[in-house]
Enquirer: 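Please see the structure below; I have some questions.
Atoms within each ligand, like the ligands themselves, are counted from 1 in listed order.
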Amino acid sequence: MKLSTKLIHGGIEPDPSTGAIMTPIFQTSTYVQEAPGKNKGYEYARSQNPTRKVLEEALAISENGKYGLAFSSGVAATDAVIKLLAPGDEVIAGNDMYGGTYRLFSKVFQKFGIKFHYVDMFDTNNITKVINDRTRLLWVETPTNPLMNIVDIEAVSKIAQQKKIIVCVDNTFASPYLQNPLDLGADILMHSATKYIGGHSDVIHGCLMMNDKELREQLYFIQKSCGAVPGPQDCFLVLRGLKTLHLRMERHCENGEKVAHFLRNHKKVGKVYWCGFEDHHGYEIAKKQMRGFGGMMSFTLRDDSVEQAMQLLSSTKLFALAESLGGVESLINHPATMTHASIPREERIKNGLTDSLIRLSVGVEDIGDLIDDLNQALG
Ligand SMILES: Cc1ncc(COP(=O)(O)O)c(C=O)c1O
C-alpha cells in the first residue's frame, strides 16, 4: 500500500462485534475475566486497551515500523526512551531542539546520573568527538525546533550502529508524510502526535515506533510500569487525525513554501529559517531524506529588536499567538518566552535562538489570506 492508503486503512478493521467502520472508544478501566488468568487478551487498561491497540498498529504502519506504542504526550514518550538508560549512561543530543525535551533531560534525568552532551549534529564529527564507552543513546531532532536545522539520519545511524548505540529521532516536525527515520536506520522514532498527526489542536499525545522486538518489550514494560498512557478518547482523535495527514501535509507544504518566499522577499524581514531554501545549509540532506519541506519556519526582523518582534506577535489576526504547531490553523510563537523559555538564555543565544526570533506554524487556510495577514502585521 502507498502512504495515503496506509494512513487510512493501516491496522484498521471494522469492529468485529458490530461492523462499525470507525474504531470504537473502549472507555473501560478493566475487563471481566472468565477465570483468573483466563481472558480475551485484556486485563487492565493501563496495560492494554483495544482503541489504543488499533492506534499503535496504525502508527507503526504509518512509519513502516513493526511496533508502535502510544503515550499520554510527546514528552511522556521521550521520558520512556530515557528510562531505557541507567545512571552513568550518556546521551548525545542536538543543541537546538524543543525546549521541553531539553528541560526533561537537564532538569529531570540529569539528577539521576545520566549525562547529556548537546552538540551541533549537522556536522557528524561533533558527535564522534564526544562518543565514549558510556554513550548509549543519540537523540536526534530533525528538522529542529525552532531553527529548522537538519541532521543526516542515515549518517548518524551508521556511526551509532558501529558502536551499538541506540538512535532515537524526534520526527514531530516532519510527520510520517515527509520523513521515515526507521527506513534510514534509526532504532526508535518519537512523535508528539499533538502536532501534525493529531492535526486539529484538540489532543495531547505522543508515540514511539520501532522494529526491534526486544526494544519494543522494554519500552512496553516502561509504558505499563510508569503508566503515562493515553485515554481511549484521545487515541480515537489521533486515529482520526492520522487518516487525513497526507491531505493536510500537502497543503502545509504548499502554503509553507509560499509564506517562506514571501517573508524572504519582504523588506522588513531579516533572516528566514526554512529548510526548503536551496541555500539552506541542510538543503541537500533535507532533499535526500524528506519528501517535502513542511510548514514550519522561523524568522527575524531586519530591525532585530525584541520590541519590534513583540509588536508583530500581537498584530496578526489569522496567525494566532499560541504554543504548539501542526494544527490546521496557523500559529505564531515567540520561542524565547514561550516554547523554549526553559533553556537558559546564554545557551539559547549561543545556539542562534535569539530573543527576537519568531516561529510560524503555517496552517491550511487560504494562502492569500495568510499572506495578507502577515503583510498587514509587518506594516
Ligand atoms: C519537536 C517536539 N518534540 C516534542 C514535543 C513534546 O510534545 P508534547 O507537547 O506532546 O508533550 C514538542 C512539543 O511542542 C515538539 O515540538
Side-chain angles (χ1 to χ4, degrees), residues 55 59 63 68-83 91 93-109 118 121 139-151 153 168-179 181 186 188-209 223 226 228-231 234-235 237-238 241-242 252 273 275 290 294-298 320-327 329 331-343 348 351 353 357 359-362:
L55 173 64
L59 287 167
E63 282 283 9
L69 290 170
F71 291 84
S72 53
S73 68
V75 162
T78 305
D79 173 272
V81 175
I82 306 301
K83 285 175 178 159
V91 178
N95 63 358
D96 172 37
M97 62 178 172
Y98 170 55
T101 308
Y102 176 84
R103 180 176 55 200
L104 179 68
F105 291 177
S106 60
K107 298 274 165 42
V108 179
F109 281 110
Y118 302 99
M121 288 189 160
W139 184 270
V140 178
E141 189 178 296
T142 182
T144 61
N145 180 0
L147 286 167
M148 304 304 298
N149 286 309
I150 299 293
V151 181
I153 300 172
C168 182
V169 176
D170 181 339
N171 205 28
T172 302
F173 264 36
S175 90
Y177 180 81
L178 294 181
Q179 175 173 280
I188 310 174
L189 72 88
M190 175 268 168
H191 278 284
S192 165
T194 312
K195 310 294 166 9
Y196 284 109
I197 293 181
H200 295 76
S201 312
D202 51 11
V203 65
I204 296 282
H205 192 101
C207 56
L208 300 174
M209 292 81 144
Q223 183 199 41
C226 299
V229 290
D234 288 350
C235 291
L237 287 173
V238 176
L242 196 62
H252 282 297
Y273 301 87
C275 59
M290 297 171 74
M296 291 304 300
M297 65 198 66
S298 52
L321 178 62
E323 306 222 358
S324 204
L325 59 107
E329 54 288 291
L331 300 181
I332 190 164
N333 170 282
H334 183 231
T337 57
M338 295 167 79
T339 45
H340 292 69
S342 52
I343 303 177
R348 262 199 298 109
N351 299 324
L353 202 170
L357 189 80
R359 190 189 77 183
L360 296 182
S361 170
V362 178

Enquirer: Drop me the distance from K107's NZ to S342's OG, to the nearest 0.5 angstrom.
Expert: 7.0 Å
Enquirer: Of C207, G74, S361, S324, which has the heavy atom at the shortest distance from atom 8 (P) of ligand 1?
Expert: G74
Enquirer: Looking at L178, L325, T142, T144, which one forms a side-chain contact (heavy atoms from CB on, under 4.5 Å) with F173?
Expert: L325
Enquirer: Nearest 0.5 Å, what's the CD1-CG distance between I343 and N351?
Expert: 8.0 Å
Enquirer: For ligand 1, which atoms, with element, lie under 4.0 Å from some heavy atom of L325?
Expert: 16 (O)
Enquirer: Once you round to the nearest 0.5 Å, how far does CG of N145 lie from OG1 of T101?
Expert: 8.5 Å
Enquirer: Do S192 and ligand 1 have an N or O pair less than 3.5 Å apart?
Expert: yes
Enquirer: Atom CG in L357, atom NE2 in H334: separation rounded to 0.5 Å?
Expert: 7.5 Å
Enquirer: Rounded at 0.5 Å granularity, tell me how far CG in L189 sits from CD1 in I153.
Expert: 8.5 Å
Enquirer: Between atom NZ of K195 and atom OG of S175, what is the distance when rounded to the nearest 0.5 Å?
Expert: 13.0 Å
Enquirer: Show the atoms of ligand 1 that are less than 4.0 angstrom away from any heavy atom in H205.
Expert: 10 (O)
Enquirer: Any N or O on M190 sitting closer than 3.5 Å to an N or O of ligand 1?
Expert: no
Enquirer: Could you tell me the residue and atom name of the protein heavy atom closest to atom 9 (O) of ligand 1, and the distance to it rounded to 0.1 Å?
Expert: K195 NZ, 3.6 Å
Enquirer: For the residue pair F105 and W139, categorise the inter-ring angle as parallel (less than 30°), tilted (30 to 60°) or perpendicular (more than 60°).
Expert: perpendicular
Enquirer: Can you pull out the closest protein heavy atom to atom 5 (C) of ligand 1? Residue, atom name and distance to 0.1 Å, please.
Expert: Y98 CD2, 3.4 Å
Enquirer: Mark up the atoms of ligand 1 that fall under 4.0 Å of a heavy atom belonging to V75, in ascending order.
Expert: 6 (C), 7 (O), 8 (P), 11 (O)
Enquirer: State whether the shortest distance between N or O atoms of D170 and N or O atoms of ligand 1 falls below 3.5 angstrom.
Expert: yes
Enquirer: Please determine whether any non-hydrogen atom of T339 lies less than 4.0 Å from an atom of ligand 1.
Expert: no
Enquirer: Just need the protein heavy atom nearest to atom 16 (O) of ligand 1, so name the residue and atom and give the distance.
Expert: N145 ND2, 3.0 Å
